[in-house]
Amino acid sequence: MAFSFKKIDHVQLAAPKGCEDDAREFFNGILGLTEVEKPEELKKRGGVWFEFGTFQLHIGVEEPFTPAKKAHPAFVIENIEELKAHLKNKNVSFTEDDNLPGANRIHVHDPFGNRLEFMEWM
């Protein structure tokens with residue numbers, strides 16, 4: 001083939017209209033992702049963008065909104081036990097999942113009900 005995949009630039013999660021403050025509180029305030037400014041032309045659509053490393057997570061407004069219960073992004077974490085302690089301290093519930101050999105992983109739901117996976121390879 002004459003083309004090749006290089007990386008994932010961003011993942012987008014859907015959220016309801018008016019989600020921006022809750023998204024900032026969760027993704028920046030709790031998870032520590034850095035908010036990045038959306039291009040001027042896209043601001044009118046609502047939503048908010050975050051980044052970590054060289055990747056971005058976009059929270060986009062979708063109406064009507066239905067959260068993703070099965071489909072999800074999976075984030076590789078360094079020191080997931082610290083993340084678990086941090087989430088407990090912030091009263092964010094999570095489910096531990098030991099079904100993937102070699103991975104310590106949890107599932108969390110964002111404020112809109114979307115499923116998120118956090119994992120550390122052992």
Side-chain angles (χ1 to χ4, degrees):
M1 293 190 303
F3 66 89
S4 63
F5 289 88
K6 298 192 136 236
K7 69 174 189 166
I8 291 178
D9 179 77
H10 70 274
V11 170
Q12 179 160 316
L13 295 174
K17 186 175 183 176
C19 66
E20 294 80 7
D21 288 341
D22 288 338
R24 286 182 180 102
E25 173 61 29
F26 183 75
F27 290 101
N28 175 261
I30 293 175
L31 296 181
L33 302 183
T34 302
E35 183 175 349
V36 294
E37 191 164 340
K38 291 179 67 170
E40 200 60 44
E41 182 62 25
L42 299 179
K43 286 181 182 179
K44 61 187 171 189
R45 297 180 185 176
V48 60
W49 292 2
F50 302 95
E51 69 180 2
F52 58 99
T54 60
F55 303 98
Q56 290 190 358
L57 176 65
H58 296 178
I59 308 301
V61 172
E62 184 174 276
E63 292 293 331
F65 169 70
T66 303
K69 298 293 186 184
K70 179 91 174 158
H72 63 276
F75 302 95
V76 176
I77 301 295
E78 185 175 322
N79 201 347
I80 197 166
E81 294 303 323
E82 286 294 322
L83 173 61
K84 291 177 187 179
H86 175 72
L87 292 173
K88 285 179 185 176
N89 186 47
K90 296 289 187 177
N91 296 315
V92 176
S93 61
F94 58 87
T95 305
E96 297 195 52
D97 182 344
D98 62 0
N99 292 314
L100 182 59
N104 182 353
R105 67 185 187 156
I106 61 174
H107 293 103
V108 175
H109 287 92
D110 73 11
F112 319 111
N114 295 307
R115 182 179 179 203
L116 308 172
E117 181 175 332
F118 299 93
M119 61 193 312
E120 182 173 38
W121 292 102
M122 300 182 283

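Each residue takes its place number in the sequence, starting with 1.
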How many angstroms lie between atom CG of Leu83 and atom CG of Leu31, to the nearest 0.5 angstrom? 7.0 Å

Check Gly47 against Val61 and note the closest heavy-atom contact, atom names and distance. N-CG2, 3.5 Å

Is the shortest side-chain heavy-atom distance between Leu116 and Phe26 below 4.5 Å? yes

Residue set satisfying salt bridge (Lys or Arg N to Asp or Glu O under 4.0 Å) with Arg105, at least two apart, ordered chain then number -> Asp97, Glu117

Where the side chain of His86 meets the backbone of Ile30, is there a donor-acceptor pair that is under 3.5 Å apart? yes

Tell me, do Thr95 and Ile106 make a side-chain contact under 4.5 Å, heavy atoms counted? no

Is a side-chain donor or acceptor of Glu63 paired with a backbone partner of Lys17 at a separation under 3.5 angstrom? yes

Examine the side chains of Asn104 and Glu96 and answer whether a donor and an acceptor come within less than 3.5 Å of each other. no

Separation of Leu13 CG from Ile59 CD1 (nearest 0.5 Å): 4.5 Å

What are the two closest heavy atoms between Asn99 and Pro101, and how far apart are they? O-CD, 3.4 Å

In terms of heavy-atom contacts, Ala71 and Ala68 come closest through O-CB, 3.5 Å

Check whether more than 12 heavy atoms from other residues, nucleotides or ligands sit under 6.0 Å from atom NZ of Lys7, and answer yes or no. yes

Correct closest heavy-atom pair for Pro73 and Val11 would be CB-CG1, 3.9 Å

To check you understand the geometry: which heavy-atom pair defines the closest contact between Ser93 and Val108, and what is its length? O-CG1, 4.1 Å

Within a radius of less than 6.0 Å around NZ of Lys43, do more than 12 heavy atoms belonging to other residues, nucleotides or ligands occur? yes

How long is the span from the CD atom in Glu20 to the CD atom in Glu35, to the nearest 0.5 Å? 9.5 Å

Are Lys69 and Arg115 packed together at the side-chain level, in the sense that at least one heavy-atom pair is separated by less than 4.5 angstrom? no

Heavy-atom nearest pair, Glu120 first then Ile80, reads OE1-N, 3.2 Å

Kindly indicate whether the side chain of Glu51, heavy atoms from C-beta on, has any atom under 4.5 Å from the side chain of Leu33. no

Listed partners of Glu82 passing salt bridge (Lys or Arg N to Asp or Glu O under 4.0 Å), at least two apart: none

For side chain to side chain contact (heavy atoms under 4.5 Å, CB included), just list the numbers for Val36 and Val48, CA-CA rounded to whole Å, side-chain angles, deciding distance to a tenth of an Å, and then say yes or no. CA-CA 8 Å; Val36 294; Val48 60; over 6 Å; no

Phe75 pairs by ring pair (Phe, Tyr, Trp, His ring centres under 6.0 Å) with which of Phe50, Phe55, Phe52? Phe52

Which of parallel (below 30°), tilted (30 to 60°) and perpendicular (above 60°) describes Phe112 and Phe65? perpendicular

To the nearest 0.5 angstrom, please state how far the CD atom of Glu25 sits from the SG atom of Cys19. 14.0 Å

The side chain to side chain contact (heavy atoms under 4.5 Å, CB included) partner of Phe94 among Lys88, His107, His109 is Lys88

Phe118 and Ile8: same hydrophobic cluster, using ILVMFWY side-chain contacts below 4.5 Å? yes

Would the distance check show the side chain of Asn28 and the main-chain N or O of Gly32 forming a donor-acceptor pair, the cut-off being under 3.5 Å? no

Measure the acute angle between the ring planes of His58 and Trp49, then classify it against the limits of 30° and 60° as parallel, tilted or perpendicular. parallel

Are more than 12 heavy atoms from other residues, nucleotides or ligands located less than 6.0 Å from atom CD of Glu37? no

Linked hydrophobic residues, Trp121 as query - side chain contacts closer than 4.5 Å: Val76, Leu100, Met119

Any chance you could lay out the side chain to side chain contact (heavy atoms under 4.5 Å, CB included) test for His10 and Leu57, step after step, and finish with the verdict? CA-CA 5 Å; His10 70 274; Leu57 176 65; over 6 Å; no

